[in-house]
Amino acid sequence: MSYSKEDILRISKEENVRFIRLQFTDLLGTIKNVEIPVSQLEKALDNKMMFDGSSIEGYVRIEESDMYLYPDLSTWVIFPWVTDSRVARLICDVYMPDGTPFAGDPRGILKRCLEEAEEMGFTAMNVGPEPEFFLFKTDERGNPTTELNDQGGYFDLAPMDLGENCRREIVLTLEEMGFEIEASHHEVASGQHEIDFKYADAIKAADQIQTFKLVVKTVARQHGLHATFMPKPLFGMNGSGMHAHQSLFKGNENMFYDESDKLGLSKTARHYMAGILKHARAFAAITNPTVNSYKRLVPGYEAPCYVAWSASNRSPMIRIPASRGLSTRVEVRNPDPAANPYLALAVMLKAGLDGIKRQLELPAPIDRNIYIMSEEERIEEGIPSLPADLKEALNEMIRSHVITEALGEHALAHFYELKEIEWDIYRTQVHEWERNQYMTLY
């Protein structure tokens, strides 16, 4: 919805709102917030709320720490789970004291990439995200265990799907917060769930992903469960993805659709896909940003690990859903829900735009099951693999002019540093598997 400053002040008074969370996202995709009493709301709406940027991952050094939050008034919402001293939220852009956008703000980075799309004549990037999650039981202290809350499978329902009530309440809460929910169901793995909400423009879609994660975790805790968006929480089971359906529009026209094409795909769509495939290995560090992400991207668990496309099967990285006309879209299947949604959408858009600019040629579709192809067959077909681990992905990222330009110098340097630290901690850690394998053998 569209709100004015006066609307928000009036609603906060009518609804007895006592506190407002000014939310923003750090470089790793974690939601941060400054909570203010309602007495400070007008000051916040005038873009005068300052915070210490040096305490936020990937932001600035202590000697340049003062930063300002500029609320996006369209993101105003009252949290439905607090009924006495009600709490509302506004999602903010981050600005420097001189009034310029902060170069390392993930939301601002996505906006910069969208401006490039606008310069090319596109008025909107529509995105339909599909973030999956697991529900685990908690112990007597409320800490997560590794025990799943059900043994259900794909599209199962109660009594097999014991998360049904929790999932239903998540849906009701999301709807109360303005989401249009299209479907919710149990996913393939035990304890795994998916809730699909209607596509939106890129900024709103990324905002919704962040809100979705917050709601899922909050409602799950109310049910004595722990919700996790960790890409691969358990060995031997499917991991959680965040497939991103995307299309470019000019006004009301979907620029990915061409009724004269055999598959209904325009040249713009084909060039866009070619760009995605060209830069897939380079943007993987953003769309799959954790050590754990690459334990999902392995054959046998429905996760794409090969850089290819198809209109008819789900083993390649890109699939073309059957809908055509305004619903024609590209489904990029490798992102996972650990990704910072603003950065993930930014790098995918930048990759696709590069394909359009350079009119990259789309390779032939791969309609066979890639999982059962031999390595020789994949090489013969020209099908590369996504990076095998985070370190390989980081190396690919810093070699790509397109992806480094999308992130900008500040975000690139800080993201790379944080992820190098993560990789080094993982690399030097001694894991339980190693002790089980080698303690008695050697």
Side-chain angles (χ1 to χ4, degrees), residues 2 24-27 29 47 58-59 67-75 90-96 98-129 199-210 244-256 266 268-269 271-276 278-279 282-283 286-287 329-330 332 335 339-360 397 400-415:
S2 178
F24 59 103
T25 298
D26 73 11
L27 207 54
N47 302 329
Y59 270 39
M67 311 187 87
Y68 285 85
L69 295 173
Y70 284 30
D72 181 338
L73 304 192
S74 69
T75 65
L90 285 161
I91 295 175
C92 303
D93 295 304
V94 182
Y95 277 71
M96 302 300 289
D98 63 2
T100 58
F102 169 48
D105 175 22
R107 202 169 189 259
I109 290 169
L110 176 54
K111 285 186 173 183
R112 288 204 305 269
C113 292
L114 289 168
E115 286 171 4
E116 182 178 338
E118 289 174 11
E119 291 169 2
M120 295 172 64
F122 301 109
T123 56
M125 177 197 191
N126 282 346
V127 179
Y199 70 87
D201 67 83
I203 292 292
K204 183 176 180 181
D207 289 344
Q208 286 183 325
I209 291 169
Q210 295 297 74
H245 297 249
Q246 47 202 280
S247 56
L248 295 177
F249 273 69
K250 287 185 179 180
N252 295 322
E253 183 182 0
N254 185 344
M255 300 308 295
F256 281 8
S266 68
T268 299
H271 293 321
Y272 186 93
M273 282 195 289
I276 293 283
K278 174 76 173 176
H279 301 292
F283 66 59
I286 302 297
T287 56
R329 61 195 186 273
V330 171
V332 184
N340 182 323
Y342 302 102
L343 297 184
L345 295 182
V347 294
M348 286 189 284
L349 173 60
K350 185 77 171 179
L353 293 179
D354 183 62
I356 295 171
K357 285 180 181 178
R358 296 165 57 195
Q359 297 190 345
L360 297 179
M397 179 184 71
S400 168
H401 171 72
V402 170
I403 302 308
T404 57
E405 186 181 77
L407 296 173
E409 186 177 335
H410 185 284
L412 173 68
H414 286 79
F415 182 86

Next item on the list: Mind telling me whether His410 and Phe102 have parallel, tilted or perpendicular rings, with 30° and 60° as the class edges?
Entry: perpendicular

Next item on the list: Tell me, yes or no, whether the heavy-atom count around Lys111 atom NZ, taken from other residues, nucleotides or ligands under 6.0 Å, exceeds 12.
Entry: yes

Next item on the list: Under the side-chain contact (heavy atoms from CB on, under 4.5 Å) rule, collect the residues that match up with Ala351, sequence neighbours excluded.
Entry: Ile276, His279, Phe283

Next item on the list: With sequence neighbours excluded, tell me which residues meet side-chain contact (heavy atoms from CB on, under 4.5 Å) with Thr100.
Entry: Met96, Asp98

Notebook entry, point to check: Who are the side-chain contact (heavy atoms from CB on, under 4.5 Å) partners of Phe122, not counting sequence neighbours?
Noted result: Ala117, Met120, Leu248, Lys250, Met255, Thr268, Leu353, Ile356

Margin query: So, using side chain to side chain donor-acceptor pair (under 3.5 Å) as the criterion, who are the partners of Ser74 when residues are at least two apart?
Written below: Asp72

Check: In chain order, what residues pass the side-chain contact (heavy atoms from CB on, under 4.5 Å) check against Ala282, with sequence neighbours excluded?
Finding: Ser400, Ile403

Next item on the list: Before giving the answer on side-chain contact (heavy atoms from CB on, under 4.5 Å), spell out for Val330 and Phe256 the whole-Å C-alpha distance, their side-chain angles and the decisive distance to 0.1 Å.
Entry: CA-CA 8 Å; Val330 171; Phe256 281 8; 3.8 Å; yes

Next item on the list: Just do the side-chain contact (heavy atoms from CB on, under 4.5 Å) check on Leu110 and Leu343 with the steps written out, would you?
Entry: CA-CA 6 Å; Leu110 176 54; Leu343 297 184; over 6 Å; no

Checklist line | Cys92 to Arg107 - nearest heavy-atom pair and separation | finding: O-CD, 4.0 Å

Checklist line | Check: Gln246 side chain, Pro129 main-chain N or O, donor-acceptor pair, under 3.5 Å | finding: no

Margin query: So, using side chain to side chain donor-acceptor pair (under 3.5 Å) as the criterion, who are the partners of Glu116 when residues are at least two apart?
Written below: Lys350, Lys357

Check: Does the Asn340 side chain pair with the main chain of Leu27, one donor and one acceptor, at a distance under 3.5 Å?
Finding: yes

Checklist line | Smallest separation among heavy atoms of Ala274 and Leu360, with atom names | finding: CB-O, 3.5 Å

